[in-house]
Amino acid sequence: MDETAKRHCTGEVAGGSGGEKGGESSDGDFEPSMGRFTDHIIIDVLEKMNLESLCIAACVSPTFNSAVAYRLPFVSSSDLSGFYPNEETLKHVVRRVPGAKSLTIECLRMRNDSSIIKILGEHIEDLGLHKCTHLSYDILHAIGERCPNLRSLLIEFAGCDAPELFKRKLAEMLQKVPLLEQTDARLFVLWLDAVRKIPLFNLRNLSLVLDLISDDLLITVVHSLPHLVELDLEDRPFTLSSVGDLTNIGLQALKFCECLIALSIVRSKMNCPASFTRMDNKGMFHVSEGCKRLESVKLGGFAKVTEDGYSSILYSCRNLKKFELLTSPLLSDSVIDNMTGVARSIVELRLSSCSLLTSEALEHLSSFRKLEVLDTSGCERIGDQAPFYISKVTTLTRLNLAKARITDVGLALLGAGDLQIVQLCIRKCEKVTDKGIKSLFHADRKICKTLSVLDVVYIPKITDAAIFTIATAAKALTDLSLRFCNGVTDAAVQMLMDRPNHNSSQLQMLDLCSCRGLSAEAILLPLPLYAFHRLR
């Protein structure tokens, strides 16, 4: 444990040499030093803690103990996993956190359904019931009746000795919880089979996060819900196996959704680096032929699709307003050239983590007369020429160039365009320095009046000088992310508090995580009355 960590644990505050301690006590007593913090600061800190951390904090000092007692009724999450309460204990715990939206319970010592039913309510959105050895399937019906706002449910039964009863109770519950987010594809198909028999059932918007998107799932969806207007599917596989994976055949079934105007199919790498490997350009041809009314398209993780496949969608969907591609390793610069037919209608263009894209892909970007959002985050071959092309798009308000190979020259070119940018992300553009930040805000350009959100995370050459430029020039700034900018010191925080015209009152979010140049005393700087009034 380093010395800074030790001081936090013992209540010491950095002082003079010879082992002096801060606060009012010479023996390291923690409680007197708490007087340096007002009640609302302590409560604000406690609001960020989970239930376990609150219980630990309550043991630290009388001040924390009374603050925790005040805070408990407002706790939004109660996780009792790993602890096996009986019915009486559970009743007392839940009574102390009456507004908890998330509840996780080990049910091994619960002898009947009533002990759980009594604590269910409309406030619960996330419910986990583990080891339900003595609970019956009737608990499913009770959850549906008492938790209409439920979004996530995990429940472990001991076997399934009456499958038909289980299906009936599950169907009863699913009809009562319209906000529930399904994660198991088979469970969703069961739900869909149950609810589509309901008279006048006419679902138009469907969003699912699943373990695996398969042909069977997609075919079931489009045949059961022919009037879908928006379809959003994301899967998070745990293995690289392509068994049961989505193929061109599944995409061909989309032609039955004649009303579809928004389509999103994405494979996440959250659990493993998987991609859709059983689909190619032919699958995109099926989409372009069957879904010509699309206005929004988001596709991610299609490892074998080239610009020819994507271009077929661009040629067919003449009303396209939003187009997003994620992790498309075969996408080349010519994709923008193939967008000329829809360039005048596109409002949002996102091409993220496409490893072959270079600055030349954006050469004809000025033909996009309505473009407001451009995102090329993760496209690491994009360099200084890109900002020059981007600067010609006068309608642009949100720009994400994360991980691009731009330098101070690129930021100067972007600044020269005098765009009314509201949100700008140059995260991990490691070649940018203070000089680039200064050139971006040079001569009171429009960005000085419009920029609200700025992300300069992981830029090692950013120092206090850049923060001074930002604090002085960005008059509308509300969100500033500086994490892992090790050149930022306490002086930068002081600058933000002393911004001209009291602009710091606009700040709602300030991220200083892992800025190693900051000392522990930075959070104890005296705040002027006008500073950080809206800070979250």
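Aromatic ring orientation, Y458 versus F484: parallel (interplanar angle below 30°, classes split at 30° and 60°).
Within the 4.5 Å cutoff, the side chain of L90 has heavy atoms near those of the M110 side chain. In this structure, V94 and S78 have side chains that are not in contact, with every pair of non-hydrogen atoms separated by 4.5 Å or more. You'll find the side chain of V347 stays beyond 4.5 Å of the side chain of V373, heavy atoms only. Counting heavy atoms from C-beta on, the side chains of H286 and C291 never come closer than 4.5 Å. L150 places a side-chain heavy atom less than 4.5 Å from the side chain of I124. Inter-residue side-chain proximity for L496 and V493 is flagged as unmet; no heavy-atom pair is nearer than 4.5 Å. In this structure, L231 and C257 have side chains that are not in contact, with every pair of non-hydrogen atoms separated by 4.5 Å or more. In this structure, the side chains of I313 and M284 come closer than 4.5 Å at one or more pairs of heavy atoms.
Salt-bridge annotation for K322 and E324: absent, with no side-chain N of the basic residue lying under 4.0 Å from a carboxylate O of the acidic one. A salt bridge does not link E87 to K118: none of the charged side-chain nitrogens sits closer than 4.0 Å to a carboxylate oxygen. With salt bridges taken as basic N to acidic carboxylate O contacts below 4.0 Å, one links E234 and R236.
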Q) Do L127 and L120 pass the side-chain contact (heavy atoms from CB on, under 4.5 Å) test, and can you show the C-alpha distance, the side-chain angles, and the key distance before you say yes or no? A) CA-CA 9 Å; L127 180 62; L120 300 177; 3.9 Å; yes
Q: Just do the salt bridge (charged side-chain N to carboxylate O under 4.0 Å, His left out) check on D138 and K169 with the steps written out, would you?
A: CA-CA 7 Å; D138 288 332; K169 295 297 182 181; 3.2 Å; yes
Q. Given the rule in the side-chain contact (heavy atoms from CB on, under 4.5 Å) test, do I155 and L135 qualify, once you have shown the distances and angles that lead to the verdict?
A. CA-CA 10 Å; I155 184 167; L135 301 187; 5.7 Å; no
(Q) I'd like to know whether R350 forms a side-chain contact (heavy atoms from CB on, under 4.5 Å) with L326, so could you lay out the CA-CA distance, the side-chain angles of the two residues, the decisive distance to 0.1 Å, and finally the verdict. (A) CA-CA 8 Å; R350 301 178 187 271; L326 302 146; over 6 Å; no
Q: Determine, step by step, whether E156 and C107 satisfy the side-chain contact (heavy atoms from CB on, under 4.5 Å) criterion, reporting the C-alpha distance in whole Å, the side-chain angles of both residues, the deciding distance to 0.1 Å, and the verdict.
A: CA-CA 9 Å; E156 298 175 353; C107 301; over 6 Å; no
Q) Under the salt bridge (charged side-chain N to carboxylate O under 4.0 Å, His left out) criterion, do D245 and R267 qualify, and how do the steps go? A) CA-CA 11 Å; D245 208 354; R267 171 147 292 174; 2.8 Å; yes
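When all heavy atoms of H134 and L108 are compared, the pair lying nearest together is CD2-O, 3.5 Å. Closest approach of R278 to L246, counting heavy atoms only: CB-O, 3.7 Å. In this structure, V266 and I213 approach most closely via the heavy-atom pair O-CD1, 4.3 Å. Scanning all heavy atoms of the two residues, the minimum distance from G250 to L218 falls at O-CD2, 3.2 Å. The two residues Y310 and V305 have their closest heavy-atom pair at CZ-CG1, 3.5 Å. A pairwise comparison of heavy atoms in F323 and I346 identifies CB-CD1, 4.1 Å as the closest pair.
R109 forms no cation-pi arrangement with Y84, by the criterion of a distance under 6.0 Å to the ring centre and an angle within 45° of the ring axis.
A 6.0 Å sphere centred on NZ of K304 holds no more than 12 heavy atoms belonging to other residues, nucleotides or ligands. In this structure, K269 places its NZ atom where more than 12 heavy-atom neighbours from other residues, nucleotides or ligands lie under 6.0 Å away. The environment of I249 atom CD1 is sparse: at most 12 non-hydrogen atoms of other residues, nucleotides or ligands sit within 6.0 angstrom. Counting heavy-atom neighbours within 6.0 Å of E258 CD, excluding the residue itself, gives a total of 12 or less.
Proximity of a side-chain donor or acceptor of T104 to a complementary backbone N or O of G128 within less than 3.5 Å is not detected. In terms of modelled atom types and a separation under 3.5 Å, the side chain of D113 and the main chain of S136 share a donor-acceptor contact. Within the 3.5 Å criterion, the main-chain N or O of E125 finds no donor-acceptor partner in the side chain of N149. Checking side-chain atoms of N486 against main-chain N and O of R516 turns up a donor-acceptor pair under 3.5 Å. Counting only distance, with no hydrogens or angles, the side chain of N400 and the backbone of S377 share no donor-acceptor pair below 3.5 Å.
The distance from atom CG of L140 to atom CD of E145, rounded to the nearest 0.5 Å, is 12.0 Å. Considering CZ of R483 and CG of L512, their distance stands at 10.0 Å, rounded to 0.5 Å. Within the model, atoms CD1 of I426 and OG of S481 stand 11.5 Å from one another, a figure rounded to the nearest 0.5 Å. Taking CD1 from I261 and CG from L320, the interatomic distance works out to 11.5 Å, rounded to the nearest 0.5 Å. One distance of note links OG of S264 with CD of E230; it measures 10.5 Å at 0.5 Å rounding. The CG atom of L233 sits 12.0 Å away from the NZ atom of K298 when rounded to the nearest 0.5 Å.
For the side-chain hydrogen bond (donor to acceptor under 3.5 Å, both in side chains) test, residues two or more places apart in sequence or in another chain that qualify with S114 are N112.
S353 and T327 share no donor-acceptor pair across their side chains, judged by distance under 3.5 Å alone.
Partner P237 forms a side-chain contact (heavy atoms from CB on, under 4.5 Å) with one of L240, T239, D235 and no other, that one being D235. Checking each of L206, N205, L263 against L228 for a side-chain contact (heavy atoms from CB on, under 4.5 Å) leaves exactly one that passes, namely L206.
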